[in-house]
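Residues: numbered from 1 along the sequence shown. Model, not experiment: these values are computed from the prediction.
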Amino acid sequence: MFKLYSSYQPAGSQPQAIQKLERLIESGNRHQTLLGVTGSGKTFVTSSVIAKINKPTLVIAHNKTLAAQLYQEYRDFFPENAVSYFVSYYDYYQPEAYIPQTDTYIEKETDINEMIDKLRLKTTANLVSRRDVIVVSSVSCIYNLGEPQEYLKRVLKLTLNQKISGRELAEKLVDIMYSRSEIELGRSNFRVRGDTLDIWPAYEDNVLRITLIGDKISELVWIDPISSQPINPSSHFDHFNHSNHFSLPSVALFPAKHYIADSKNLKPVFAEIRNDLSLRIKQLERQNHPLEAKRLAQKVEYDLAMIQELGYVSGIENYSRYFDNRQPGNPPFTLLDYFKQCDPDFLTVIDESHITLPQIRGMFKGDQSRKQTLIDFGFRLPAAMDNRPLNYEEFMDRVNQIVYTSATPGEWEMEKSGNKKQETGSSGVVELLVRPTGLIDPEIEVRNAENQVSDLVIEIIKRKAKNERVLVTTLTKKTAEALTEFLSDEKKLTKIIGSSASIVIPVKVGIYINSSAKGGMILDLPKVAYLHSDIKTLDRQDTLDKLRLGDVDVIVGINLLREGLDLPEVSLVAILDADQEGFLRSKTSLIQTMGRAARHIQGKVILYAYKITDSMKEAIEESGRRRKVQVEYNLKHNIFPQGINKPIREKLVDRSQESVADIDLPKGISFRYGIKKLVDLEIASLSPVDKQAVVRHLRKQMLAAADDLNFEKAAEIRDKINEIKQI
């Protein structure tokens, strides 16, 4: 079922880790932890386990960026299987809220990323129609998604020679939230041309063309949305047919939205909502809140009218309890329920569990606090409380066997996995300490923090002379920016280097001694950048790429371990104020940060401190334990550590066409107007036909950007398309 493609074989600790995890899972253990050091190949190990046990798998990451990287890795490992990406589809999300202190109502405001919406819909379509599914998700998987049985009821199955009229087919498409469009075909739209219907499924990149003869389907074929040329179904990602002919014997169309109200069965639902509304209004009036009572009545009646007419309203999920036929307090349906439809015995992998598990724990209470305020002041019915994420206990009840992966697993997952012997006769903690490359954990040195900046400057100059890179962590954004400015000041750096009697600097690129200037020194400054949460996502990635390429020598940051750094060129990690106990200097954070130097053969960590804290002591001891295992393994197997030569993932970071204005025009437009780039085109001068051609071309670019996981670029192109349509 699952077929793993890889250019290399398991090595180092990987074979034993794969075998042990497979044995634990097949024997029925519920909790197992993969403790893997940085660069040990945890994703490859979990992929190998998935391929062996053949279970649908949910992989949960703690943010979109990490989820995107994992999605790409799993997709590369399993090109023939259904690997999906499921995260929040909002580029911008301002939840509905009310601030009583200032009497401020904040309306829900969202900017939905259509490409992520497509991937979410593809995820559920895969889960209800096949078993070879891997879903890489953020904690969005614990949020309300709508009832899977209702979703399944709306699946429109079409077969060759099926008796159905064009009118009936159009009505069925409208029922599953597709819109008719005669001018331009887009996602979630269909178009009628005589006896032909073109449908662009909400979750696909291609268009389904249905040809009718009378009241019977005579042909089902996928076509390219731009050229309208037929596509061989064997090359289309479609699991219903593997024929060599263009025409399909059957196809299933899934709804264009996850939340759909059945307009034919609204009577009992509306009756229940209005009954609860009446009870709540009476309650508010008894509490002497007439304004809140009137506000609530207007809001609910407006929503019901919209649902009656359109089958949908913004915020319909706040009524999900009624449509799902759930009792007050019952948990919502989530992606986990779609997994149950796929296979009740699915596997869950929680990546970076020391961060992801606390994040899952925290979602519920924050959501409930905001909703309660809206209910108290008449903006929502009490049923809105049941449109919520799962709480931690509900989440654990819905997942089966779990693999926790982390370089620093938390105490909870370690305890659950059992350092004690389990029924299998072994612990559920699987260590992945030996890297396939033979690289060992970095050497750690503690230095006095009194002159930490001056000492750091000398260490940076040494690394720059050897064409190596440096990461520096501080405690605050202000310090990071100030240190970046200091390290870019030629006078200050020259003074520090000139006053250092002990420094031995190789006379290489960047350092030149001017013998005619009485010991004067001409210094090629290290190029320094800082990295923190105020820097936009793509700009952060650009900074990291510049470090790898040598355009930047040093990155100064705060919590670099959260950036998902994979930087083989970094030979030194310097941690300033390492003895300041707290989250940023805890045992877990220190181990994660020190691991950033583990991908270089000369990796080293310097901890600047006035004293050795308990966290420092434990982190140093654990790193020493791992280093000892790695050295002994290398000696036993006669392995010499090899540096990593890792290419930059072009699809994730390529910004050569980040500006929409630089996109090339279609050949016909370019020829007629004598220009090549969109930036040179006067949109207002285009004919309606040429406008449509440009829009079609841009849509193709948008889909390509989304396929490369460059959602920011896709969103920018989408905005340009909307701008052209409005002109």
Side-chain angles (χ1 to χ4, degrees), residues 56 58 64 67-68 71 75 81-91 93 110-138 140-158 172-179 181 185-190 198-208 222 225 236-240 251-261 311-312 314 316-317 320 323 332-342 699 702-703 705-707 709 711 714-715 718:
L58 170 64
K64 285 184 179 182
Y71 166 63
R75 189 180 61 181
N81 302 114
V83 181
S84 300
Y85 180 66
F86 188 91
V87 299
S88 169
Y89 55 20
Y90 298 119
D91 282 334
Y93 178 62
T110 63
D111 184 8
I112 292 177
N113 187 312
E114 292 186 12
M115 296 303 102
I116 296 181
D117 186 31
K118 182 197 82 170
L119 292 170
R120 285 168 61 95
L121 289 161
K122 187 68 176 178
T123 299
T124 50
N126 286 337
L127 283 171
V128 299
S129 59
R130 56 192 299 175
R131 289 194 70 257
D132 60 329
V133 182
I134 298 171
V135 177
V136 181
S137 174
S138 65
S140 182
C141 66
I142 68 172
Y143 279 79
N144 191 0
L145 193 62
E147 208 268 323
Q149 286 299 328
E150 188 62 35
Y151 178 84
L152 276 169
K153 285 180 192 174
R154 301 306 187 89
V155 176
L156 179 56
K157 295 181 180 179
L158 302 171
K172 287 182 178 294
L173 288 170
V174 171
D175 283 343
I176 59 174
M177 303 308 296
Y178 284 82
S179 302
S181 174
L185 193 62
R187 282 182 61 245
S188 306
N189 292 155
F190 69 94
D198 289 340
I199 307 163
W200 196 332
Y203 46 88
E204 288 285 3
D205 292 329
N206 297 315
V207 171
L208 178 67
W222 290 104
H236 181 79
F237 191 64
D238 181 86
H239 50 279
F240 292 95
V251 71
L253 288 173
F254 296 92
K257 294 183 183 296
H258 287 120
Y259 302 102
I260 305 176
Y312 189 80
S314 177
I316 190 174
E317 60 273 11
S320 60
F323 295 110
F333 294 101
T334 66
L335 184 70
L336 303 180
D337 294 286
Y338 285 81
F339 261 98
K340 293 287 186 183
Q341 289 290 324
C342 179
R699 181 174 285 113
M702 178 177 69
L703 295 173
D707 284 342
L709 303 181
F711 298 115
R718 177 202 63 201

> Got a sec, which residues hit salt bridge (Lys or Arg N to Asp or Glu O under 4.0 Å) with D132, two or more places apart in sequence or on another chain?
Replying inline: R130

>> Testing the basics here: between L58 and S137, what is the closest heavy-atom pair and its distance to 0.1 Å?
In response: CD1-CB, 3.9 Å

>> Testing the basics here: between V251 and W222, what is the closest heavy-atom pair and its distance to 0.1 Å?
In response: CG2-CZ2, 4.0 Å

>> Please give me the minimum heavy-atom distance between L145 and T124, naming the atom from each residue.
In response: CD2-CG2, 3.9 Å

> Quick one: side chain to side chain contact (heavy atoms under 4.5 Å, CB included) partners of D198, sequence neighbours excluded?
Replying inline: L185, R191, T196, V207, R209, I223

> Looking at N206 and P225, what are the two nearest heavy atoms and their distance?
Replying inline: OD1-CD, 3.7 Å

> What is the distance from atom CG of L335 to atom CZ of F86, rounded to the nearest 0.5 Å?
Replying inline: 4.5 Å

> What are the two closest heavy atoms between F254 and A125, and how far apart are they?
Replying inline: CD1-CB, 3.6 Å

>> Are S84 and Y71 packed together at the side-chain level, in the sense that at least one heavy-atom pair is separated by less than 4.5 angstrom?
In response: no

> Backbone N or O of G146 within a donor-acceptor pair of the N144 side chain at under 3.5 Å?
Replying inline: yes

> Looking only at heavy atoms, which two atoms of L121 and P255 are closest? And how far apart?
Replying inline: CD2-O, 3.9 Å

>> What I'd like to find out is whether the side chain of Y203 reaches to under 4.5 Å of the side chain of T123, using heavy atoms alone.
In response: no

> Do K118 and E204 sit within salt-bridge range, that is, some charged N less than 4.0 Å from a carboxylate O?
Replying inline: no

>> Just so I know, are the side chains of L253 and L173 near enough to count as touching, which here means a heavy-atom distance under 4.5 Å?
In response: yes

>> Within the supplied structure, the quantity of interest is the number of heavy atoms (other residues, nucleotides, ligands) at a distance under 6.0 Å from K340 NZ; does it exceed 12?
In response: yes

> Are S88 and K64 close enough that some pair of their side-chain heavy atoms sits under 4.5 Å apart?
Replying inline: yes

>> V87 vs I116, test: side-chain contact (heavy atoms from CB on, under 4.5 Å). Steps then yes/no.
In response: CA-CA 7 Å; V87 299; I116 296 181; 3.7 Å; yes

> Has the side chain of D337 got a donor or acceptor atom that lies under 3.5 Å from a matching backbone atom of T334?
Replying inline: yes

> Which residues pass the salt bridge (Lys or Arg N to Asp or Glu O under 4.0 Å) test with K153, sequence neighbours left out?
Replying inline: E150

> Once the angle between the rings of Y338 and Y151 is folded into 0 to 90°, is it parallel (under 30°), tilted (30 to 60°) or perpendicular (over 60°)?
Replying inline: perpendicular

>> For the CZ atom of R75 and the OH atom of Y85, what is their distance to the nearest 0.5 Å?
In response: 11.0 Å

